[in-house]
Student: 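Below is the structure I would like to discuss, written out as structure tokens.
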Protein chains: 2
Amino acid sequence: MSPEKQFIKNYNASDYEVPLTTVDMAIFSIIDQQLHVLLLKRDALPEKDKLALPGGFIDLKNDNDLEETALRKLYEKTGVELPYLEQVESIGNGSRDPRGWSVTILYFALIDITKINKKLLSNTDWHPMEESEKLSLAFDHNILLQKAIKRLRSKTLYTALPIALLPKKFTLTELQTIFEIILDKKLPVKSFRRRVVDAKVVVGTDETKISGKRFAQLFKSTGIDKDFHFPRPLQD
Amino acid sequence: MSPEKQFIKNYNASDYEVPLTTVDMAIFSIIDQQLHVLLLKRDALPEKDKLALPGGFIDLKNDNDLEETALRKLYEKTGVELPYLEQVESIGNGSRDPRGWSVTILYFALIDITKINKKLLSNTDWHPMEESEKLSLAFDHNILLQKAIKRLRSKTLYTALPIALLPKKFTLTELQTIFEIILDKKLPVKSFRRRVVDAKVVVGTDETKISGKRFAQLFKSTGIDKDFHFPRPLQD
DNA sequence: CGAATAGTGTCTTTTAGACACTATCGG
DNA sequence: CCGATAGTGTCTAAAAGACACTATTCG
């Protein structure tokens, strides 16, 4: 047996003190024209009964990588299989969890609310962002939520990411509205439309929809390159 | 004793199977007009004798958070106390380390080569990026290095980050040159100077320097907001 | 027709690239 | 004065904001 193989054979992971490592998620969706985040009441100690971001331990047997852990948690809670998923940051220190030094890898996800499996959740699990920021969440989850929303807002300024919150086909007014919800400010109509159409992040379909007073053309995502960004950000 | 305290007392971190968690770093510096990265030959199994990014386990007793782990490793190797340091991403899966499921939190750092404590390193520890990308590094460190350099290049397109690679005072030509080294392309002189001066990321001092044929004005960083970025990126 | 929503025309502003030009030094 | 490096003047181009305008539908 080679020294390398011999070493691995004798290696016992618990010989070293390692931190507790978990994956946490900020799952966003638009409900009733408001940005909502999924928060669950913890049913175990520590911090039992407090609201927390969904998350938990990596399943070393079944998760092939960190993203699979995140996708599994998200699927367990929402039934959604293909969210937009992005790693935000890892936070690790000796004080964030009373059980000891712990690291969490924070993800954020965007899902189209129409794709959620409602049997898995109660209505009270979705919290408007505005209220969530005032709640006292478990552990350091207020900080995690702030980091996730900051990333979402920042990406909304220079990408077309919020498309992931809408169904396949949508009107440009609908798209603009969710940008305005996320950024909490009005955007100029002409610039917005020119921006997304000229950059070919969306294309018109031949279908229209009568939402309010008159028809509106339906557009769909072109599934543009994942790290596309506009030449200039929206004005801050 | 409250149920919460009772629970913590009885809690034993090793009851759960957790991944091996480490911090790895890509430490960049400019040497002889080339971008270099610090690589160390591993002196222990596994992957003994292969080149690897500096990194290792979190010291649960002494490191207060992940950033301290990164700073400690960097200080141990280079003697530099105030690098530019940024978390890139965490990579975790069951196959990147033969010892089992492992997670690494990847950081990148930029340091001014004149600040390095040369006693700690041999000359052969710094490798030009161009060569490093062709080497076979330990574990998945080739991938980690690619992710770090990609982040550095991307930030160089829309921030003034490479200032961190230079001493306190520098000429605009020197600054432009390191941008060109990182991006591996020439930049238009007029645009470059206008960009950094108009945005006030640098200000002129009253000192000059005779580097080549004639004097050049020395500039210094204004220590602008850490997440400042220019309205438009450099053309790609 | 009027109110409401969808959508456009076009002028200005900002900031980057192009490129020819001037400035200052050593030899 | 020449060559090299530092640095500027100014035109053009791209893409965003401002804002007045037209278009379509319902009642």
Side-chain angles (χ1 to χ4, degrees), chain A residues 33 154-160 162 166 169-181 183 185-220 224 228-236, chain B residues 33 154-160 162 166 169-181 183 185-220 224 228-236:
Chain A
Q33 302 281 74
S154 150
K155 285 216 142 186
T156 300
L157 288 174
Y158 60 91
T159 73
L166 288 176
K169 291 176 185 172
F170 47 84
T171 69
L172 291 189
T173 302
E174 287 167 348
L175 184 60
Q176 179 167 350
T177 301
I178 59 162
F179 271 70
E180 292 173 343
I181 291 168
L183 297 175
K185 62 183 285 241
K186 284 280 170 191
L187 298 174
V189 179
K190 176 67 186 188
S191 295
F192 184 84
R193 304 173 77 89
R194 191 175 41 197
R195 188 175 159 95
V196 295
V197 173
D198 289 2
K200 297 193 177 66
V201 301
V202 298
V203 281
T205 67
D206 50 11
E207 294 170 71
T208 57
K209 173 178 170 180
I210 305 154
S211 45
K213 283 283 177 180
R214 61 169 275 200
F215 73 86
Q217 190 180 7
L218 285 168
F219 287 74
K220 62 181 180 187
I224 202 166
F228 164 81
H229 59 273
F230 293 102
R232 296 198 226 175
L234 291 168
Q235 113 182 156
D236 220 338
Chain B
Q33 304 280 73
S154 149
K155 286 217 140 184
T156 300
L157 288 174
Y158 61 91
T159 74
L166 289 176
K169 291 177 185 172
F170 46 83
T171 69
L172 291 189
T173 302
E174 286 167 348
L175 185 59
Q176 178 167 350
T177 301
I178 61 163
F179 271 70
E180 292 174 344
I181 290 168
L183 297 176
K185 65 184 283 251
K186 283 281 170 192
L187 298 174
V189 179
K190 176 68 184 188
S191 296
F192 184 82
R193 305 173 76 90
R194 191 176 40 198
R195 187 175 160 95
V196 295
V197 173
D198 289 2
K200 299 193 177 64
V201 301
V202 297
V203 281
T205 67
D206 50 10
E207 294 170 71
T208 57
K209 172 179 169 179
I210 305 154
S211 46
K213 284 285 176 179
R214 62 168 274 202
F215 74 85
Q217 190 181 6
L218 284 168
F219 286 75
K220 63 180 180 188
I224 202 166
F228 163 81
H229 59 273
F230 293 102
R232 296 198 226 173
L234 291 169
Q235 112 184 156
D236 220 339

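Chain identifiers are assigned alphabetically (A, B, ...) following the order of the sequence lines, protein sequences preceding nucleic acid strands; residue numbering begins at 1 within each chain.
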Student: So, is A:Arg214 close to the C:dA6 phosphate, meaning a side-chain N or O under 4.0 Å from OP1 or OP2?
Tutor: no
Student: Return whichever of B:Leu172 or A:Pro233 has its heavy-atom-nearest nucleotide of DNA chain D closer to the 5' end.
Tutor: B:Leu172
Student: So B:Ser191, base contact, sugar-phosphate only, or nothing? Heavy-atom distance under 4.0 Å.
Tutor: base
Student: Measure from NZ or CZ of A:Arg232 to the centre of the six-membered ring of A:Tyr158, then state whether that distance is under 6.0 Å and the direction lies within 45° of the axis.
Tutor: no
Student: Given C:dA6, C:dT5, D:dG7, which nucleotide is nearest the side-chain atoms of A:Ala216?
Tutor: C:dA6
Student: So, does the side chain of B:Lys190 form a donor-acceptor pair with the base of D:dG9 at under 3.5 Å?
Tutor: yes
Student: Determine whether B:Val202 and B:Lys220 satisfy the following criterion, side chain to side chain contact (heavy atoms under 4.5 Å, CB included), listing intermediate values before the conclusion.
Tutor: CA-CA 5 Å; B:Val202 297; B:Lys220 63 180 180 188; over 6 Å; no
Student: On DNA chain C, does the nearest nucleotide to B:Phe215 precede the nearest nucleotide to B:Phe230 from the 5' side, or the other way round? Give the residue.
Tutor: B:Phe230
Student: So, is B:Arg195 near the phosphate of C:dA16, with a side-chain N or O under 4.0 Å from OP1 or OP2?
Tutor: yes
Student: Quickly work out the A:Leu183 CG to D:dG17 P distance and round it to whole Å.
Tutor: 11 Å
Student: Return the value, rounded to whole Å, for the distance between atom CG of A:Leu187 and atom P of C:dG7.
Tutor: 16 Å
Student: Send over the distance from A:Glu207 CD to C:dA6 C1', rounded to a whole Å.
Tutor: 18 Å
Student: Atom NZ of B:Lys185 to atom C1' of C:dG17: distance rounded to whole Å?
Tutor: 10 Å
Student: Nearest to the side chain of B:Arg194, heavy atoms from C-beta on, is which of C:dA18, C:dT10, D:dA4?
Tutor: C:dA18
Student: Between P on D:dG17 and CZ on A:Phe179, what's the gap in Å once rounded to a whole number?
Tutor: 12 Å
Student: CD of A:Gln176 versus P of D:dA16: gap in Å, rounded?
Tutor: 13 Å
Student: Could you tell me the separation between the CZ atom of A:Phe192 and the P atom of D:dA15, rounded to a whole number of Å?
Tutor: 17 Å
Student: Does NZ belonging to B:Lys185 count more than 12 external heavy atoms closer than 6.0 Å?
Tutor: yes
Student: If you check every side-chain atom of B:Pro188, which of C:dA18, C:dA16, D:dA4 has the closest atom?
Tutor: C:dA18
Student: With distance as the sole criterion, do the side chain of A:Arg232 and the base of C:dT14 form a donor-acceptor contact below 3.5 Å?
Tutor: yes
Student: If the cut-off is 4.0 Å, is B:Arg193 near the phosphate of D:dG7, judged by side-chain N/O to OP1 or OP2?
Tutor: yes
Student: So for atom NZ, which belongs to A:Lys155, do other residues, nucleotides or ligands contribute more than 12 heavy atoms lying within a distance under 6.0 Å?
Tutor: yes
Student: Is the B:Phe219 to B:Phe170 ring centre distance short of 6.0 Å?
Tutor: no
Student: Roughly how many Å is it from CG in A:Asp198 to C1' in C:dT8, rounded to a whole number?
Tutor: 13 Å
